[in-house]
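Just so it is clear, the structure is predicted and the values come from calculations on it, not from any experiment.
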Amino acid sequence: MQPCGQRLVHRAFVGWFVGVALALVLSVFAVGWLVDPFGHFASDYSSYPDFMTAEDKARFAEWQRQAPFMLNQPLYKVANFEKFATAAAAQGAPVNVVVGDSLARQVDTAALARYEGQPWFTLAYGGASLAETLALVDHLLDHHYVGEIVWVLPFTRIVWERHNRMSGALAAVRNPVKHLFSYESLRAVFHVTRHRWLEIPFSAHDPREVAVAHRDNVTMLDRLRTLWSGRLLAEIEARIARAESEGVRVTLVIPPNRPSFQARIDAELPEEVATYNAFLANHRHIDVAERNRQGWTDDQFVDIYHLAASEFPRFNAVVLQARGLPAAIAKQPKAEDSDTTIRAPAGKKG
């Protein structure tokens with residue numbers, strides 16, 4: 001039997017240990033909730049980096065938004081979309097979304113919302129793999145009242161890729177408190193805190209990621225030869241069929257490539273291009289390159305398939321004309337025309 005004094009010492013130790021552990025847990029929660037890098041607990045939302053003017057970006061305090069977005073782009077987008085959907089749900093109408101990678105960010109959702117009178121939100125982000133977009137579309141159909149999905153689907157995106165961050169992003173959105181205690185959240189809190197409060201520059205790229213040289217025709221052609229797979233079109237087909245069976249309209253948008261690069265694709269991957277074109281012929285789509293009768297030139301692109309920002313209005317003029325809207329409305333939106341204004345809702349299906 002332990003002496004009374006020794007038992008008191010043990011109890012004091014356990015008490016201090018539990019107290020310190022609880023203090024640490026509460027501190028992590030408090031700092032994570034206060035900084036809230038991905039917008040889990042914010043009352044509003046952001047569509048950054050949507051199609052914006054320089055003035056819009058300044059108004060949304062881009063320097064505050066960039067760090068969490070770049071640290072986990074899919075999580076940042078879906079966390080903010082859930083708030084957009086929640087805010088819109090009470091109005092009872094479907095929400096419309098744009099999905100895809102960085103090429104889909106060329107679509108001006110503010111113009112679509114302004115002139116079609118419906119809510120639009122871009123869930124596009126740079127580097128989105130096809131697997132991530134498929135998982136995102138599944139989530140939208142499972143949990144939201146969607147009117148239309150504009151799916152920006154270039155030939156270059158029909159490739160096998162291993163990474164799929166969307167499942168983790170959706171899990172984090174479902175369990176935001178649990179996510180606060182993850183390494184990812186702690187890392188984001190650190191970067192955002194020093195970036196926001198100390199104005200220490202944030203490096204836009206995760207050093208663990210291996211970048212693809214988008215300016216290198218040879219590298220990209222080799223990648224397409226190795227990873228392009230027509231079998232992936234069946235996965236896309238299944239999502240389109242499901243969406244349309246549930247009354248959700250799906251419109252595919254085909255962005256242009258740099259003409260010199262497109263010529264090499266046509267010459268070196270003719271069977272793959274034929275398979276892709278046959279797939280498109282069976283679905284509602286807007287081929288921006290085909291509809292732009294004046295054609296694109298190499299100097300309008302910053303790499304083999306990203307248009308220069310100065311060409312975004314021209315790109316959107318084609319998209320809007322194809323939707324029956326006058327091209328004159330495809331212009332840089334004013335700050336007050338941002339898609340952060342809810343015009344119609346999104347909600348969970350019963």
Side-chain angles (χ1 to χ4, degrees), residues 38-40 42 44-52 60 65-66 68-89 93-113 116 118-154 157 161 163-174 235-236 239-240 242-243 246 248-253 255 312 316 319 338-349:
F38 297 107
H40 284 308
D44 58 355
Y45 58 86
S46 169
S47 61
Y48 174 81
D50 197 1
F51 186 97
M52 296 187 194
F60 280 110
R65 307 285 187 178
Q66 184 179 11
F69 175 76
M70 294 307 300
L71 285 170
N72 190 328
Q73 298 179 68
L75 175 55
Y76 186 88
K77 294 304 293 187
V78 296
N80 282 277
F81 172 73
E82 293 299 320
K83 290 180 177 54
F84 177 87
T86 298
V95 69
N96 307 292
V97 297
V98 175
V99 299
D101 60 8
S102 57
L103 297 178
R105 286 168 50 190
Q106 298 171 170
V107 176
D108 185 357
T109 50
L112 292 171
E116 294 188 350
Q118 298 177 355
W120 281 87
F121 193 95
T122 181
L123 279 161
Y125 55 91
S129 70
L130 182 57
E132 289 173 347
T133 303
L134 292 171
L136 177 58
V137 170
D138 286 339
H139 172 74
L140 292 170
L141 297 176
D142 286 342
H143 299 285
H144 292 281
Y145 180 25
V146 181
E148 181 175 1
I149 297 173
V150 166
W151 192 334
V152 179
L153 190 68
R157 183 45 72 195
E161 291 180 298
H163 73 278
N164 183 353
R165 300 161 291 176
M166 185 54 65
S167 57
L170 294 173
V173 168
R174 288 192 296 268
E235 296 283 337
I236 301 167
R239 271 61 175 197
I240 295 175
R242 179 192 170 188
E246 297 180 12
V248 179
R249 173 173 170 157
V250 178
T251 303
L252 304 177
V253 172
F312 286 5
N316 281 284
V319 172
S338 168
D339 71 352
T340 55
T341 299
I342 299 293
R343 294 174 177 78
K348 293 192 176 181
K349 297 180 178 179

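Qualifying side-chain hydrogen bond (donor to acceptor under 3.5 Å, both in side chains) partners for D101, counting only residues two or more places apart in sequence or in other chains: R157. In this view, S102 and H306 satisfy the side-chain contact (heavy atoms from CB on, under 4.5 Å) rule, not counting sequence neighbours.
With rounding to the nearest 0.5 Å, the separation of CD in E235 from CG in L134 is 6.0 Å. E132 CD to Y125 OH: the interatomic distance, rounded to the nearest 0.5 Å, is 3.5 Å. Atom-to-atom distance recorded for N164:CG and L130:CG is 10.0 Å, nearest 0.5 angstrom. Between atom CD1 of residue I240 and atom CG of residue L153 there is a gap of 7.5 Å, rounded to the nearest 0.5 Å. From D138, atom CG reaches atom CZ of R242 across 6.0 Å, with rounding to the nearest 0.5 Å.
For the side chain to side chain contact (heavy atoms under 4.5 Å, CB included) test with V107, the passing option among T122, V99, L112 is L112; the others fail. Under the side chain to side chain contact (heavy atoms under 4.5 Å, CB included) rule, I149 has a single partner from V137, L136, N96, L252, which is V137.
Of the possible polar contacts, one joining the N316 side chain to the D108 backbone as a donor-acceptor pair under 3.5 Å is found. Judged by distance alone, with hydrogens and angles left aside, the side-chain atoms of Q73 form a donor-acceptor pair with the main-chain N or O of G126 at under 3.5 Å. No donor-acceptor distance shorter than 3.5 angstrom exists from the side chain of N80 to the backbone of Y45, with no hydrogens or angles considered. In this structure, K83 contributes its side chain and H40 its backbone to a donor-acceptor pair below 3.5 Å.
Contact between P154 and L103 at its shortest, heavy atoms only, is CG-CD1, 3.7 Å. Across all their heavy atoms, R165 and P74 have their closest contact at CB-CG, 3.7 Å. The two atoms that bring E116 and W120 nearest to each other are OE1-NE1, 3.4 Å, heavy atoms only. Across all non-hydrogen atoms, the minimal contact from A128 to G100 is CB-O, 3.6 Å.
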**Request:** Check the pair H144 / E82 against side chain to side chain donor-acceptor pair (under 3.5 Å), numbers first and verdict last.
**Result:** CA-CA 9 Å; H144 292 281; E82 293 299 320; 3.0 Å; yes
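Side-chain contact between M166 and V78 is present, with heavy atoms from C-beta onward closer than 4.5 Å. Contact of the L140 side chain with the L123 side chain is registered, since non-hydrogen atoms from C-beta on lie closer than 4.5 Å. A 4.5 Å side-chain heavy-atom check between F81 and H139 finds every atom pair outside the cut-off.
Between F121 and F84, the two ring planes are tilted [angle within 30° to 60°].
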